[in-house]
Amino acid sequence: IVEAMERFRVPGVAVGMLHGGEESVAGYGVTSVEHLLPVDGDTLFQIGSISKTVTGTAAMRLVEMGKLDLDEPVRTYLPDLRLASENVAVRVTLRHLFTHTAGWVGDYFDDFGSGDDALAKIIVRMADLPQLTPLGAVWSYNNAGFYLAGRAIEAATGKTFEAAAKELVLDPLGMNRSCFFAADAITHRVATGHHVWEGAPAVARPWALARTANPVGGIISSVRDMLRYARFHLSDGVTSDGKRLLTVASMRRMQSPQVPAEWEDAWGLTWGLSAIGGVRIVRHGGSTNGQQATLVLVPERQFALVVLTNADSGSLLHAEVTKWTFHDVLALEEPEPPPVDVPAEVLASYTGRYAGALADLEVILQDGDLVLKSTPKGGFPLKDSPPLPAPPPMRVAAVGRDRIVVQDGPMKGRRGEFLRRPDGSIAWLRSSRIHARLP
């Protein structure tokens, strides 16, 4: 970890592992390059989109109470819901939201203040989000769907989303340091995010996400708290003090395939699902303004790994730590997909420009090899946030029919696949999100 921190210029890392009933926790580096406080197991980081699994867990508790239903239209709880497609607005369900199959533009971020009506306000603006694919047809990672999920939880409980999530999940699991607001986090030691520019980390500002983002990625937590959360999701629905929060059936449903995702992976109810050597992997990552996190569960081995970092290059670090841990601790080898020979005319068919909400991608051929260029467009953490500097062009290897893997640069290891129309033409390049091919 220390070597990787130096290589990727990550100022601070907190790591937690659960294995064989034993917890191991360690902190490395500092919370900020401007204020050199050491990181430990109680240091608070933004866990980003891992928060979506907490939103899903809270919703499942309400499903068991009869206050929500995964397959009822969201309009049952939010009768004033308006979307770009009325046909989608009347049919979209929590299951669509939790499996990222709603089909509208998912990367929309905005700040509607710190009041209790923030979620209600941003949902009004969702009527402007274009519908890209038919409801339920295509998996494409969708942040905006969790605004609706959070608002449905508010409607079902009569409480703010944050109060409901705390009552339904954080408090029962003993996640006593975990919170949503900077005013609560500031009483503890807190990590600051960093952007790595020209080989050096610089503090990323603003620190806090907008309140609207809380159901999407707003939880602030520590490695110790996240291990408590991991223990619960490795259990049969009972907390460490013997209280049942969810039935065995609900726990299994959250971690069971609901829809196909990228490649051979699947998506459960808020969890990403894959397998290594036949062993089931349950995971979610998180990305905020200069912070990257990962939570990996291996239920058959009662194993969990949490890595929290305070740099946007932290995703490269936690990918290496996860791979090393799988190999050295669990004897699971996650093979690199080998490059395959692809006819030149097929490679040429991949070239072109692909438009996304936060970045545009361009695939070109250079000396017979594929190269990916990414042009950030801004829009995160706020709608009007300027784009970060564009990364250098990255080499891409074809590893199967219509499948690619980035070989180097800040997106190293990122997978992609080209999705085709019935007539065989390429419609999308999907790399977590779908990017529309431009003429």
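Scanning for salt bridge (charged side-chain N to carboxylate O under 4.0 Å, His left out) contacts around Asp116 gives Arg211, with sequence neighbours left out. Asn289 is linked by a side-chain hydrogen bond (donor to acceptor under 3.5 Å, both in side chains) to His195, counting only residues two or more places apart in sequence or in another chain. In this structure Asp40 satisfies the salt bridge (charged side-chain N to carboxylate O under 4.0 Å, His left out) test with no other residue, sequence neighbours excluded. Applying the ring pair (Phe, Tyr, Trp, His ring centres under 6.0 Å) rule to Phe98 yields the partners Phe146; only residues at least two apart in sequence or on another chain are considered. The side-chain hydrogen bond (donor to acceptor under 3.5 Å, both in side chains) test applied to Lys159 returns Glu167, not counting sequence neighbours. Residues passing the ring pair (Phe, Tyr, Trp, His ring centres under 6.0 Å) test with Phe326: none are found, sequence neighbours excluded. Taking Lys377 as the reference, Asp360 meet the salt bridge (charged side-chain N to carboxylate O under 4.0 Å, His left out) condition, with sequence neighbours excluded.
Judged as a salt bridge (Lys or Arg N to Asp or Glu O under 4.0 Å), the pairs with a partner in residues 143-158 (not counting sequence neighbours) are, in order, Arg151-Glu154. Screening residues 264-276 for salt bridge (Lys or Arg N to Asp or Glu O under 4.0 Å) gives Glu264-Arg403, Asp265-Arg415 as the qualifying pairs, with residues at least two apart or on separate chains. Counting only residues at least two apart or on different chains, no salt bridge (Lys or Arg N to Asp or Glu O under 4.0 Å) pair has a member in residues 46-64. Listed by first and then second residue, the salt bridge (Lys or Arg N to Asp or Glu O under 4.0 Å) pairs involving residues 119-138 are Asp117-Lys121 (not counting sequence neighbours).
Side-chain contact, Thr288 with Gln46: a donor N or O sits under 3.5 Å from an acceptor N or O. Remark: the Asn87 side chain and the Ser85 side chain contain no N/O donor-acceptor pair separated by less than 3.5 Å. Inspection of the Ser178 and Tyr229 side chains reveals no N or O donor paired with an N or O acceptor under 3.5 Å.
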Would you mind writing out the side-chain donor-acceptor pairs for residues 13-33 within the sub-3.5 Å range, not counting sequence neighbours?
unit_1, atom_1, unit_2, atom_2, d
Glu23, OE2, Arg231, NE, 3.0
Thr31, OG1, His35, O, 3.4
Ser32, OG, Glu34, N, 3.0

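Residues Phe181 and Asn214 form a side-chain contact, since some pair of their non-hydrogen atoms from C-beta on lies under 4.5 Å apart. A heavy-atom distance below 4.5 Å is found between the side chains of Met126 and Leu148. Side-chain contact between Leu97 and Val74 is present, with heavy atoms from C-beta onward closer than 4.5 Å.
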Between Arg414 and Glu262, is a salt bridge (Lys or Arg N to Asp or Glu O under 4.0 Å) present by the stated rule, with each step listed? CA-CA 11 Å; Arg414 179 78 64 85; Glu262 291 179 317; over 6 Å; no
